[in-house]
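Here is how names work: the chains are called A, B, and so on, in the same order as the sequence lines, proteins then strands, and each is numbered from 1.
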Amino acid sequence: MISLSGLNDPQREAASTVDGPVLILAGAGSGKTRTITYRIAHMVYNLNMNPKSILGVSFTNKASKEMKERVISLLGKKKARGLTLATFHSLGVKILKEEIHLLGYHKNFSIYDTSDQMGIVREALKSIKTEKTFDKKQILSKIGFLKNKGIMSEEFTDSPYFDEDDPYDLMVDYVYRFYQDKLKFYNAIDFDDILNLVVRLFREFPEVTTKYSEKFQYVMVDEYQDTNPLQFELIMGLTKTHNNLCVVGDDDQAIYAFRGADVTNILEFEKNFPGAKVVKLEENYRSTMPILDLANKVIQENKNRREKSLWSKMQSDVNPLLWLTADTDHEAQVVVDEIVQHQGNGGHLGDMAILYRSNTQAQPIEDQLRLSQVPYTILGGQKFYEKKEVKDLIAYLSVILNPKDQIALRRILNIPHRGIGNVTLEKYLALSDEKEISLFDALELDPALDPRRADHIVKFTKIIRTFQEKFRHHTLPEALSSLIEEINYLKFVEKCYDSIKQVDRRKNDVMMFVESAERFVKYNQAHATLKNFVEKLLLQDSQDDQDEDEDDDVRKNEVTMMTLHSSKGLEFDTVFLVGMEEETLPHKRVLQLGEDIGEERRLAYVGITRAQQKLVMTYCKERKLYGRKTARHKSRFLNELSNHFTEQDRTTFGHLTEEEEKNYKSSFFNNLIDGLE
DNA sequence: TCGTCCGGCGTTTTT
DNA sequence: CGCCGGACGA
């Protein structure tokens, strides 16, 4: 038996209600993951359900991995076998691999990321002449928005999001259709399509919907407040034959509306699923009461939310702090100073995090940390597969898998330089248009279109063909290394950069890429095909990947820096929430557009509720923005809450005794000297 | 074909 | 202030 006695009353109620629709409203730090992992374990162990009939969906690999690990620790590996614990996208890819032929795609489809998408939008804009110039980014983001709302290209003009008087919308209509046609021609799909096409399958082939709904008799969805209409439709499809759906979420932590998430999914759960059981988890096991008091007060101002109030058994007389600082550098200085002191007292740096609204705020803090020689990691930032060298190599692999992938082909056609530039490319594009064949087929059809380039073209297409074979008959790392050698890629990298440091770093990225292929083979053995490898690279963040061999129960002795968005789900003993200013949090853009400030307030709420023991918020009198100094004011989110935190003016030394002031100044001076050395 | 210069713009982001 | 993308020139 798996005992549920370690859960509190509402948790146990949620974990033991397995049939029919269930909504678990789980406040921050209320043991949400614990509840769902026990629920799964209970279903498999106590109720003897087939693991294969259970599906758990989350948004990120991290969340999905955590769920997997915790279920395994309850059930053991053997009993957990057969469970599907996936992200929306990995589930989508799984389904598409089986069914995408129904929509006229080949199963070797490529997956496009933002920069690939941008390439097609650029092409679309070039294909139509206008006086007005359009911003590709804006157009692409509207297309992405529409896709996440479940609106297909042919439906746009009939949707409420179309305004016939808006020139942008007219252009979006054209580009969206062009874009989808091209993707199909290239046998490619973008990230949004992974779900979009599954939904289209469900709409057009009800028997497919039934198949998957019958396969997954019990469906669970994590972070339900962040689901968009597309994901909602997917969930509806998966549960249509049984209605056994358990969703977990917190409307107060909905922070992804900007990418199409619709909080009404969670607000109107009972309407969509009549007879639903609703369970509220309000006991918080993370933070002290003073921190929760502040959090409750901040979020109370939001309208249209499910009323709940977090409480904790942990009392404390340590109030949250708010520091006024002079400017961006000073803000960084006082924060890092506090960290150094904590370190000096034997504190662990892994217990501390610095959270901010936008990445631009990270730079001065990073500088200061380096200056004070405090080890740190920045979460987020560039992903491994986005590095230029890695992208090049992935493009080779993509073409080898799917020669129709024109975006990848164009990327590598002249990398390393082989004298096939724009002029030659245009000729072949014309040929492929005329004959209605793919660009790659055009290259093979008439390599001597420009006789001076013929040798190079033949050589190039031969490489692709040869390696299609090689990847079939050799191991992944062997074939990959051989490819890198064949195209002389490292030599190319050397020529691209002047500084040795740059060259070394880039070469290292190439080596890491080969290593990741080795790891992939080690972990996946028979399933370590080229296709699965490329897929995994795109669907899985490298940050998880690199940690795979390490024990990540132990947090490194490093301060963690990240945006408020990426902090969701995490907790730290001490949290610095920097930039609590008007136009930073809430962000200027949101204020200008005059729209939903609630999401910004929820971001503040998420930040505050990350802290277990100590919360330090800061704001500046003056902030350097784009090289210009701008006056700043305290965030409205802290208005009228001054009895819930202690404000200290750090621009003076007023909060210190004379002795402390002297020590402070000299220790700061010493740090500075140390940093320079 | 490739490199350089100039102008514009500047949240958050998983997959 | 710094990055990126487009235009233009060698």
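- Between B/dT11 and C/dC4, the two P atoms lie 14 Å apart (nearest whole Å).
- With sequence neighbours left out, the side-chain contact (heavy atoms from CB on, under 4.5 Å) criterion links A/Gln361 to A/Tyr356, A/Arg357, A/Ser358, A/Val578, A/Thr584, A/Arg623.
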What are the atom names and distances for every N/O pair under 3.5 Å that joins the protein to nucleotides 3-10 of chain B?
none

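- Evaluation of the side-chain contact (heavy atoms from CB on, under 4.5 Å) rule for A/Pro586 yields A/Glu582, A/Leu591, A/Ile597, A/Glu600, A/Ser635, A/Arg636, A/Phe637 as partners, not counting sequence neighbours.
- Regarding contacts with the backbone of B/dT13, a side-chain N or O of A/Thr563 is found under 4.0 angstrom from either OP1 or OP2.
- At the heavy-atom level, A/Asn414 lies under 4.0 Å from the strands shown only through sugar-phosphate atoms.
- For A/His587 and B/dT11, the ring-to-base geometry satisfies the stacking test (centroid distance below 5.5 Å, interplanar angle below 30°).
- Listed by chain and residue number, A/Phe59 satisfy the ring-ring contact (aromatic ring centres under 6.0 Å, His included) test with A/Phe88 (two or more places apart in sequence, or in another chain).
- A/Ser566 is linked by a side-chain contact (heavy atoms from CB on, under 4.5 Å) to A/Met562, A/Thr563, counting only residues two or more places apart in sequence or in another chain.
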Scoring nucleotides 2-10 of chain C by protein non-hydrogen atoms under 4.0 Å (B base, S sugar-phosphate only, - none) yields ---SS----
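- Checked against side-chain contact (heavy atoms from CB on, under 4.5 Å), A/Asn196 has the following partners two or more places apart in sequence or in another chain: A/Lys147, A/Met152, A/Tyr176, A/Asp193, A/Leu230.
- Checked against side-chain hydrogen bond (donor to acceptor under 3.5 Å, both in side chains), A/Ser115 has the following partners two or more places apart in sequence or in another chain: A/Asp113, A/Lys391.
- For the pair A/Asn359 and B/dT13, the criterion of a side-chain N or O lying under 4.0 Å from OP1 or OP2 is met.
- Here A/Tyr256 does not lie in a stacked arrangement on the base of B/dT13, lacking the combination of planes under 30° and ring centres under 5.5 Å apart.
- Counting non-hydrogen atoms under 4.0 angstrom, A/Thr424 reaches the backbone sugars and phosphates but no base.
- Counting any heavy atom pair closer than 4.0 Å across all strands shown, A/Phe258 reaches a base atom.
- Ion pair A/Arg410/A/Glu123 flagged as a salt bridge, since at least one NZ, NE, NH1 or NH2 atom sits closer than 4.0 Å to an Asp/Glu carboxylate oxygen.
- Taking A/Tyr105 as the reference, nothing meets the side-chain hydrogen bond (donor to acceptor under 3.5 Å, both in side chains) condition, with sequence neighbours excluded.
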